Amino acid sequence: MSACSLNWRFRQVFGEKDPVDEPADEDLISAVEFDSTGDYLATGDRGGRVVIFESSEVPARAEQRGSGRRADEESSSRSVQYQFHCEFQSHEPEFDYLKSLEIEERINKIRWRPSTGGPKLLISTNDKTIKLWKIYEKQVKMIMSQHVAPAGAAAQPSALYLPTVQQMQTLPTAALKRIYANGHGYHINALSFNSDGETYLSADDLRINLWSLQHNKCTYNVVDIKPDDMDELSEVITAATFHPKHSDSICYATCKGTVYLCDLREQSRWSRQDGRRFSQAPVPESQKCFFSELIASHSDVKFSLCGRYLMARDYMTLKIWDVNMEREPLRTINVHEHLRSKLCELYESDCIFDKFDCEWSHDSKHVCTGSYDNSLCMWDLNGDGHTTIESVSTSSSPRRTNGVKGKLGLARKDASTDRGFTKKILHHAHHPQRNLVAIGARNSLYIFAA
């Protein structure tokens with residue numbers, strides 16, 4: 001079923017649905033991520049806090065196992081509800097005395113470790129420090145009796161009785177397992193787990209490092225694009241990710257609108273201009289403008305679940321690539337083409353520097369990315385239309401727009417229309433097994449299902 005034929009409906013909201021007052025900066029959501037099963041959903045905010053939500057299917061399955069009943073048939077996306085699980089302070093504000101630099105507590109990225117049947121593990125990072133957290137249910141026990149004879153037994157004055165301990169409740173909590181520090185000289189902008197679940201990468205503006213979960217004292221540098229002379233610096237890394245199936249392949253995107261695919265079997269360390277390069281033909285000089293380089297910068301890059309396709313998001317477009325064809329993208333989706341006449345206004349308000357995430361659906365049949373007006377846009381890769389989910393109202397259903405064949409994008413609106421550039425969807429996540437999306441809009445989390 002295509003994204004446009006799906007009937008997306010509002011399901012839940014955590015936080016204020018339509019806040020009147022301006023939320024505090026530290027309450028704004030800065031990261032949203034499902035685990036590999038979809039049972040848990042994590043959000044991070046600018047105050048350094050991480051909040052975990054649990055699917056209603058988790059206690060339902062536990063109850064079925066406890067009663068010995070056979071599991072029911074798979075429930076639909078619309079019947080799945082999420083509830084608060086636990087909250088913890090992941091990062092605190094710090095100060096680098098050597099560089100006289102304040103390090104904010106803001107959560108830049110959250111990534112769950114791929115499910116291995118053990119405890120739930122996630123990594124979170126601010127600008128400089130990565131932390132590994134274990135999410136588990138702590139058994140709370142209390143001493144119920146002290147120096148009291150057991151029930152039904154006669155008390156002996158000279159006897160010594162051991163106190164009895166009884167389990168009272170289970171308390172969801174998070175425990176810090178390891179801290180991975182001093183691995184980056186610049187702000188961390190990407191985290192990605194390897195398919196083996198034992199290693200992960202982290203990226204900053206100039207380097208990509210490979211870490212082992214078991215060792216936090218050292219890291220291995222796999223990509224380094226820092227020039228010998230910093231005056232020659234013209235390109236920085238903006239996003240990076242591991243291949244979902246091949247542990248030896250990574251890709252990263254840059255501010256030049258280029259995506260590089262590197263195979264660690266060929267060489268263990270890559271430098272500038274190395275690797276397979278995915279880029280479009282350069283813009284003709286007659287069409288270039290002051291904003292050309294700014295809007296070409298990629299803010300996110302993602303593999304499809306099968307690993308065959310790459311998706312990269314820049315300010316204006318969403319590009320789909322076949323990893324076997326570097327010459328040109330399979331499809332270019334116009335996301336913000338209707339804003340081209342307002343680039344000057346966007347530049348003055350710094351909105352042109354907004355970094356929008358992009359996501360594949362669980363079946364890789366449609367893609368989605370955020371936009372302004374608190375909207376999440378979805379495109380069907382096999383059709384010509386798209387759906388827009390507005391995360392501010394439950395009364396109206398998602399808008400459906402049918403584009404002209406071969407030209408995908410939002411319908412152009414009148415230039416006088418107020419776009420509300422302060423209301424935007426930067427962070428969102430798609431459920432790994434269902435037609436369900438979680439959207440971070442300012443300080444609220446919205447969940448839609450189809």
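If you're wondering where the values come from, they're calculated on a predicted model, not measured in any experiment.
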Margin query: D35 vs T37, test: side chain to side chain donor-acceptor pair (under 3.5 Å). Steps then yes/no.
Written below: CA-CA 6 Å; D35 76 328; T37 64; 2.8 Å; yes
Exercise for review: Using the side chain to side chain donor-acceptor pair (under 3.5 Å) rule, take H243 and S195 through it: C-alpha gap first, then chi angles, then the decisive distance, then the call.
Suggested key: CA-CA 8 Å; H243 192 281; S195 58; over 6 Å; no
*Going through the distances and angles, do F290 and Y347 end up as a ring pair (Phe, Tyr, Trp, His ring centres under 6.0 Å)?*
CA-CA 10 Å; F290 174 78; Y347 178 77; 5.4 Å; yes
### Task
Report the C-alpha distance between D354 and Y372 in whole Å, list the side-chain angles of each, state the deciding distance to 0.1 Å, and finish with yes or no for side chain to side chain donor-acceptor pair (under 3.5 Å).
CA-CA 10 Å; D354 288 337; Y372 295 104; 2.9 Å; yes
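Judged purely by distance below 3.5 Å, without hydrogens or angles, the side chains of K319 and T317 pair a donor atom with an acceptor atom.
More than 12 heavy atoms of other residues, nucleotides or ligands sit less than 6.0 Å from atom CD of Q139. Heavy-atom neighbours of E326 CD from other residues, nucleotides or ligands within 6.0 Å: above the threshold of 12. Few gaps surround CD on Q12; more than 12 heavy atoms of other groups in view lie less than 6.0 Å from it. Around the OH atom of Y97, the shell of radius 6.0 Å holds no more than 12 heavy atoms that belong to other residues, nucleotides or ligands.
In this structure, the side chain of R277 does not engage the main chain of T258 through any donor-acceptor pair within 3.5 Å. Panel note: side chain Q89, backbone H91; a donor-acceptor pair is recorded below 3.5 Å. In this structure, R207 contributes its side chain and G185 its backbone to no donor-acceptor pair below 3.5 Å. One N or O on the side chain of N108 and one on the backbone of N126 form a donor-acceptor pair closer than 3.5 Å.
Salt bridge annotation for E54-K120: absent, with no cationic side-chain nitrogen under 4.0 angstrom from a carboxylate oxygen. With salt bridges taken as basic N to acidic carboxylate O contacts below 4.0 Å, one links D27 and R49. Residues R265 and D248 are paired through a salt bridge, judged by an N-O separation under 4.0 Å between the basic side chain and the carboxylate. A salt bridge does not link D357 with K302: none of the charged nitrogens is closer than 4.0 Å to a carboxylate oxygen. A salt bridge is defined here as a Lys NZ or Arg NE, NH1 or NH2 lying under 4.0 Å from an Asp or Glu carboxylate O, and R308 with D322 meets this definition.
To the nearest 0.5 Å, the span separating NE2 on H386 from CG on L318 amounts to 12.0 Å. Note that OG of S124 is 8.5 Å distant from CG of L176, once rounded to the nearest 0.5 Å. The line from OG of S30 to CD of E105 is 10.0 Å long, rounded to the nearest 0.5 Å.
Ring centers of Y315 and F291: at least 6.0 Å apart, outside the cut-off. The ring of H246 has its center no closer than 6.0 angstrom to the ring center of F303.
Here the side chains of V301 and Y252 are not in contact, with every heavy-atom distance at 4.5 Å or above. Using a 4.5 Å heavy-atom cutoff, the side chains of W133 and S90 are in contact. A 4.5 Å side-chain heavy-atom check between H362 and P432 finds every atom pair outside the cut-off.
In terms of heavy atoms, S212 sits closest to Y180 at O-CE2, 3.6 Å.
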